[in-house]
Amino acid sequence: MKFYNTLHRKKEDFQPLEKGKVTLYTCGPTVYDYAHIGNFRAYIFEDLLRRYLEFSEYDVLQVMNITDIDDKTIRRSIEEKMSLEDFTDKYTSSFFEDVETLKIIPAHHYPRATEFIPQMIETIKQLEDKGFTYTTEDGSVFFKISQFSNYGKLANLNPDQLKSGDRVEDDEYGKEEGRDFALWKGYKPQDGEVKWDSPWGEGRPGWHIECSVMSTYYLSNHFDIHCGGVDNIFPHHENEIAQSCAASGEAFVNYWLHNEHLLVEGQKMSKSMGNFYTLRDLLEKGCSPEALRYTLISTHYRSKLNFTFEKVKASQKCINKLRELKRRLKKIENDGEEKSLNSETEDMLSKFSDQLDDDLNISGALGELFIWVNYLFAELDDNKLDCCSANGALLALKKIDTVLGVVDCATLDVDENIQELIKERELARSDKNWAKADEVRGQLDRLGIILDDTPEGTVWKRKID
RNA sequence: GGCGUCGUACCCAAGCGGUAAGGGAGCGGUCUGCAAAACCGUCAUGCACCAGUUCGAAUCUGGUCGACGCCUCCA
């Protein structure tokens with residue numbers, strides 16, 4: 001298995017620190033609003049990574065942080081006249097609901113920054129003792145980058161050139177150099193009720209320290225993989241490396257994986273452009289969670305993904321095709337016990353994983369999958385598939401879906417009213433009352449349900465747009 | 001200014017020196033009460049452009065054009 005490691009800007013063979021086990025830290029949400037489709041690209045990429053590692057029989061321990069303390073959560077909670085806790089609880093729950101909707105496998109731990117203040121203070125003290133910090137008049141503590149010689153390695157930036165820059169105007173906490181970053185922020189009136197006691201006075205932790213502290217708390221000082229969006233490479237991850245290595249004196253993360261961003265209809269997603277979508281927005285527009293999942297998963301994680309409704313529609317068709325295959329395979333499964341993977345199926349499985357072994361080359365893997373799907377449909381149409389092979393194929397499809405997570409769907413039931421309509425139409429059809437049958441088809445169509453009359457009876461599925 | 005990514009058919013997209021995977025859309029057929037699905041056939045002498053290296057290049061080198069990202073808290 002190979003991954004593109006941002007640290008060395010090349011693909012590298014993946015060797016976990018402990019054989020058969022993977023320690024994985026994935027940057028999570030800042031809970032100040034509903035997560036948008038771009039956020040989910042990152043979480044879906046991380047989910048693909050998690051699922052594929054487990055598919056490859058690694059025992060994965062995954063941690064995802066919940067950032068519930070930063071400028072945005074404080075500002076918005078004050079605007080909403082809510083306590084920080086109530087405010088962030090609301091968006092944390094909505095995040096978990098969305099995770100479930102998208103069938104993202106939950107991380108083993110979701111630490112919240114506010115639950116780790118003592119540990120963060122402890123780490124800052126360690127850094128202070130080792131001479132990596134300085135304190136300013138307002139009770140803020142900064143990390144002194146000039147003390148850390150490896151600074152800039154991940155982002156491939158020259159630290160000396162970070163000294164000057166038009167965008168460095170932020171001297172609000174009185175730091176010595178623009179490039180230094182806050183470990184602890186002294187209390188300011190705009191923080192409202194949000195403050196904790198510390199050896200440097202009241203205040204709150206900086207952003208970067210939370211990930212350093214929470215990742216190493218669960219995964220130890222040195223762990224395998226750390227993921228996030230490309231925008232996190234600098235400064236967030238660069239700063240994490242500096243803090244963590246300076247504090248522990250050990251290596252921090254072996255593999256840094258970053259996902260590219262998402263565009264919507266070719267444009268950067270923004271509220272002013274009117275192309276800013278949360279998961280809820282898209283579900284309301286009729287996109288199914290599986291189609292969104294497929295859309296987000298099916299472009300390689302290091303390429304920009306142009307999110308379009310055309311792509312969601314194409315994704316839904318691919319999923320329908322896989323579900324149709326499953327239905328037809330099940331039909332000849334009959335007595336069910338005997339299974340064998342025929343050579344085509346074995347071939348597909350091995351090519352599928354070969355592709356994903358190459359830095360999660362999902363397009364290549366899906367290509368292999370559909371070659372096999374087409375082969376199976378042709379066999380099924382010719383009645384050439386024995387039940388042994390069909391059972392084997394079903395098994396393979398199930399295995400593939402542990403990675404994709406789009407075929408099986410718990411919410412594929414419709415309300416009773418719709419079931420009644422389908423029965424009504426079945427009756428009309430057996431009476432050859434075609435006018436009535438077509439009327440019902442039209443009725444269901446308006447409800448977003450498509451009917452397929454198959455030799456085994458009528459099946460239905462969700463309309464694509 | 002510094003660092004970096006990308007340009008393959010109508011759309012998406014693999015490919016990493018050996019003669020263009022796969023998906024969607026389209027078109028023509030088979031099947032069907034109608035439809036859908038599925039199946040069969042069709043769909044790039046060419047991979048932004050120009051040179052070069054090579055027996056051989058979408059793949060390597062140089063250049064040109066174009067799109068984009070990061071350079072202090074945005075996944």
Side-chain angles (χ1 to χ4, degrees), chain A residues 6 9 11 26-30 35-46 67 70-72 145 152 155-158 161-162 164-170 175 178-182 206-208 227-236 238-239 258-263 266 268-270 294-295 298-300 302-306 308 310-311 313-318 320-321 323-325 327-328 351 355 358 361-374 376-382 429 432-435 437-438 441-442 445 450-455 458-461:
Chain A
T6 305
R9 310 272 159 172
K11 283 186 200 172
T26 49
C27 271
T30 301
H36 58 69
I37 189 69
N39 298 125
F40 282 111
R41 184 182 194 197
Y43 309 136
I44 291 268
F45 147 62
E46 288 156 358
T67 297
D70 81 323
D71 293 353
K72 287 190 294 281
I145 282 172
N156 197 21
L157 291 169
N158 180 347
Q161 288 171 343
L162 293 172
S164 59
D166 300 337
R167 294 181 60 183
V168 179
E169 59 199 45
D170 181 15
K175 51 182 155 176
R179 58 186 184 158
D180 293 338
F181 60 90
W207 175 39
H208 314 296
C227 302
V230 282
D231 54 298
N232 281 149
I233 296 171
F234 191 86
H236 186 49
E238 193 67 60
N239 291 350
H258 293 97
N259 63 278
E260 249 300 344
H261 277 186
L262 166 148
L263 301 169
K268 193 165 181 171
M269 182 164 57
S270 70
Y294 192 101
T295 303
S298 60
T299 295
H300 186 88
R302 285 192 289 115
S303 301
K304 280 184 200 41
L305 163 59
N306 186 16
T308 62
E310 197 189 348
K311 206 174 261 181
K313 207 169 161 179
S315 297
Q316 184 67 61
K317 289 210 77 157
C318 291
N320 286 351
K321 200 166 177 173
R323 286 180 180 164
E324 175 72 4
L325 176 69
R327 192 184 66 75
R328 288 179 63 180
K351 285 177 171 165
Q355 292 288 353
D358 183 11
N361 184 352
I362 189 72
S363 306
L366 290 173
E368 299 298 342
L369 174 64
F370 277 97
I371 289 169
W372 175 76
V373 169
N374 292 337
L376 283 173
F377 272 126
E379 293 286 297
L380 285 163
D381 268 29
D382 289 349
R429 287 184 75 228
K432 296 201 190 302
N433 183 353
W434 309 128
D438 288 349
R441 182 193 283 287
D445 185 75
I450 295 173
L451 299 178
D452 291 353
D453 298 327
T454 75
T458 301
V459 298
W460 67 273
K461 65 191 168 212

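Computed from a prediction, not measured in an experiment: that's the story for all the values here. Letters go in sequence order (proteins before strands), and every chain restarts at 1.
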Separation between the [atom1] atoms of [N] and [M], rounded to whole Å:
N       : M       : atom1 : value
rC27(B) : rG17(B) : C1'   : 36 Å
rC12(B) : rG52(B) : P     : 32 Å
rC47(B) : rA9(B)  : P     : 10 Å

Side chain of [X] - closest among [options]:
X       : options                   : value
D231(A) : rA75(B), rC34(B), rC12(B) : rA75(B)
R429(A) : rA75(B), rG33(B), rC70(B) : rG33(B)
P235(A) : rC73(B), rA36(B), rA38(B) : rC73(B)
R328(A) : rA75(B), rG33(B), rA38(B) : rA38(B)
A378(A) : rA38(B), rC40(B), rC71(B) : rC40(B)
A437(A) : rA37(B), rG33(B), rC40(B) : rG33(B)

Test item: [X] and [Y] side chains (from C-beta on) under 4.5 Å apart, heavy atoms:
X       : Y       : result
T67(A)  : K72(A)  : no
E260(A) : R41(A)  : yes
N156(A) : F234(A) : no
W372(A) : L325(A) : yes
Y294(A) : C318(A) : yes

Nearest-angstrom distance from the residue atom [atom1] of [X] to [atom2] of [N]:
X       : N       : atom1 : atom2 : answer
R302(A) : rA13(B) : CZ    : C1'   : 15 Å
L157(A) : rU5(B)  : CG    : P     : 14 Å
L376(A) : rC40(B) : CG    : P     : 12 Å
L380(A) : rC40(B) : CG    : C1'   : 16 Å
L262(A) : rC74(B) : CG    : P     : 17 Å
H236(A) : rG69(B) : NE2   : P     : 22 Å
D438(A) : rC34(B) : CG    : P     : 10 Å
L451(A) : rG33(B) : CG    : P     : 16 Å

Check whether the side chain of [X] and the base of [N] form a donor-acceptor pair under 3.5 Å.
X       : N       : result
N374(A) : rG22(B) : no
R41(A)  : rA75(B) : no
D453(A) : rC34(B) : yes

For [N], take OP1 and OP2 only and decide whether either is under 4.0 Å from a side-chain N or O of [X].
X       : N       : result
K313(A) : rC11(B) : no
K11(A)  : rC16(B) : no
K317(A) : rA25(B) : yes
N156(A) : rG4(B)  : yes
N239(A) : rC73(B) : no

Taking for K311(A) and for Y43(A) the nucleotide of RNA chain B with the nearest heavy atom, the one nearer the 5' end belongs to K311(A)
Result for 5'-nearest mapping on RNA chain B, choosing between L305(A) and M269(A), is L305(A)
Regarding N320(A) and E324(A), is there a side-chain donor-to-acceptor distance under 3.5 Å anywhere? no
Any donor-acceptor pair under 3.5 Å linking the side-chain atoms of H261(A) with those of D231(A)? yes
Who does [N] pair with, Watson-Crick or G-U, both distances under 3.5 Å?
N       : answer
rU32(B) : none
rC16(B) : none
rC43(B) : none
rG52(B) : rC60(B)
rC3(B)  : rG69(B)
rA9(B)  : none

Could you tell me how the ring of H236(A) sits relative to the ring of W207(A): parallel (under 30°), tilted (30 to 60°) or perpendicular (over 60°)? parallel
F370(A) on top of rG22(B)'s base, within under 5.5 Å and under 30°? no
Aromatic stack H261(A)/rA75(B): centroid gap under 5.5 Å, interplanar angle under 30°: yes
Using a 4.0 Å heavy-atom cut-off, does G229(A) contact any base of the nucleic acid, only the sugar-phosphate backbone, or nothing at all? sugar-phosphate
